[in-house]
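Here the structure comes first, spelled out in structure tokens, and everything after it is commentary.
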Amino acid sequence: MPKQVDYEGRRRQIAEAVCHLADEHGPEGVTMRDVAARARVSLGAVQRCFGSKEEMLLFAVDHVGERITERARARLVGSPAQSAATALGHAATEIALLREENRAEARIWLAFVAKAAVNEQLAAPLRTSYASLHGLLVRLITEAAGSAPDDEGTAPPDPQREARALLALADGLTSHVLMGHLPTQEAEDVLHTHLVGLWERLGTVRC
């Protein structure tokens with residue numbers, strides 16, 4: 001019998017190779033031949049999975065975005081007893097990609113973001129990834145606001161606006177750390193200070 005190929009698994013294997021090469025050379029420096037060598041598959045296998053380099057890059061963008069989102073969600077599922085405010089802090093930390101073990105992923109993500117600024121095809125999946133992360137933050141902020149005691153006469157923060165601000169801050173801190181403008185610890189302090197201010201506006205206590 002012919003050997004059965006895990007098509008989706010092969011595509012993800014190739015996406016990982018794309019990510020490694022994009023980290024080393026940028027998206028523009030990625031070729032299908034180099035990807036095949038890095039993934040340890042034939043060029044024909046890469047071409048059967050992806051009709052073009054552009055299609056391959058699009059899948060890699062989705063792959064990275066899904067990985068970040070799923071890691072944030074897994075952090076929440078792993079600690080179901082945590083408060084809504086703590087869950088929000090954990091999710092923001094995962095999204096910001098400030099830890100050393102996430103440094104390569106951060107470089108890849110920002111490389112794709114830079115290319116997407118002049119490439120609508122790449123911009124579309126990135127917008128989808130950002131929308132997913134934004135939705136996660138909106139849900140956590142809404143839950144945190146719902147768990148806070150009523151404060152009559154004070155308008156509650158807008159979860160949509162707060163989520164946009166937090167996501168933009170996380171992105172900016174990622175860039176500043178990668179460029180060497182901020183040490184990791186200072187970036188984490190900035191994120192923590194913003195979260196403390198958000199918790200205060202929500203009327204919650206960090207646990």
Side-chain angles (χ1 to χ4, degrees), residues 1-77 91-92 94-139 163-164 166-168 170-179:
M1 292 181 62
K3 183 179 179 181
Q4 296 295 315
V5 176
D6 177 3
Y7 183 71
E8 192 59 28
R10 174 65 59 81
R11 281 164 64 87
R12 293 189 179 280
Q13 177 186 354
I14 292 170
E16 285 293 329
V18 171
C19 289
H20 286 299
L21 289 169
D23 183 30
E24 295 169 7
H25 309 294
E28 294 291 352
V30 175
T31 68
M32 296 183 85
R33 188 174 298 279
D34 287 342
V35 167
R38 181 62 63 94
R40 297 186 178 181
V41 299
S42 68
L43 177 59
V46 174
Q47 292 170 330
R48 283 191 291 274
C49 288
F50 302 102
S52 65
K53 173 184 171 179
E54 200 71 22
E55 183 184 338
M56 184 176 66
L57 289 176
L58 288 172
F59 185 82
V61 170
D62 274 336
H63 178 65
V64 175
E66 287 174 6
R67 197 163 61 189
I68 295 169
T69 304
E70 287 308 309
R71 193 166 60 238
R73 287 176 175 156
R75 183 85 178 266
L76 305 180
V77 173
E94 291 294 346
I95 292 170
L97 300 173
L98 297 178
R99 293 194 297 269
E100 183 63 37
E101 60 264 31
N102 300 136
R103 199 58 47 81
E105 198 171 56
R107 287 193 298 267
I108 296 163
W109 182 257
L110 290 183
F112 281 133
V113 168
K115 184 172 175 60
V118 293
N119 185 317
E120 174 57 28
Q121 281 188 295
L122 274 179
L126 280 168
R127 285 197 297 268
T128 299
S129 293
Y130 276 118
S132 179
L133 293 171
H134 176 260
L136 175 62
L137 292 176
V138 168
R139 178 173 67 80
R164 283 193 291 269
L166 183 53
L167 189 54
D171 243 17
L173 290 174
T174 303
S175 300
H176 287 202
V177 168
L178 287 182
M179 291 185 294

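Predicted model, so just to flag it, every value in this text is computed and none were measured. Heavy-atom basis, side chains included; hydrogens, waters and symmetry copies ignored.
With sequence neighbours excluded, the residues forming a salt bridge (Lys or Arg N to Asp or Glu O under 4.0 Å) with E105 are R67, R71, listed by chain and number. Listed by chain and residue number, nothing satisfies the ring-ring contact (aromatic ring centres under 6.0 Å, His included) test with H25 (two or more places apart in sequence, or in another chain). S129 is linked by a side-chain contact (heavy atoms from CB on, under 4.5 Å) to W109, counting only residues two or more places apart in sequence or in another chain. E70 meets the salt bridge (Lys or Arg N to Asp or Glu O under 4.0 Å) test with R73; sequence neighbours excluded. Evaluation of the side-chain hydrogen bond (donor to acceptor under 3.5 Å, both in side chains) rule for E55 yields no partner, not counting sequence neighbours. Residues passing the side-chain contact (heavy atoms from CB on, under 4.5 Å) test with T128, sequence neighbours excluded: none. For H63, the side-chain hydrogen bond (donor to acceptor under 3.5 Å, both in side chains) criterion is met by R12, E16, not counting sequence neighbours. Partners of A163 according to the side-chain contact (heavy atoms from CB on, under 4.5 Å) rule, which considers only residues two or more places apart in sequence or in another chain, are H134, L137, V138, I141. By the side-chain contact (heavy atoms from CB on, under 4.5 Å) test, A72 pairs with E94, L136, sequence neighbours left out.
Listed for the Q13 side chain is a donor-acceptor partner under 3.5 Å among the backbone atoms of A39. The backbone N or O of C49 lies less than 3.5 Å from a partner atom in the side chain of R11, making a donor-acceptor pair. Looking only at distances, no side-chain donor or acceptor of T174 sits under 3.5 Å from a matching main-chain atom of A106.
Among residues at least two apart or in separate chains, salt bridge (Lys or Arg N to Asp or Glu O under 4.0 Å) pairs with a member in residues 38-53 are E24-R38. Pairs passing the ring-ring contact (aromatic ring centres under 6.0 Å, His included) check and including a residue from residues 37-58, sequence neighbours excluded, read F50-F59. Sorted by first and then second residue, the pairs that involve residues 106-125 and meet salt bridge (Lys or Arg N to Asp or Glu O under 4.0 Å), not counting sequence neighbours, are D23-R107, E28-K115, E120-R127.
For the residue pair T31 and D34, a side-chain donor N or O sits within less than 3.5 Å of a side-chain acceptor on the partner.
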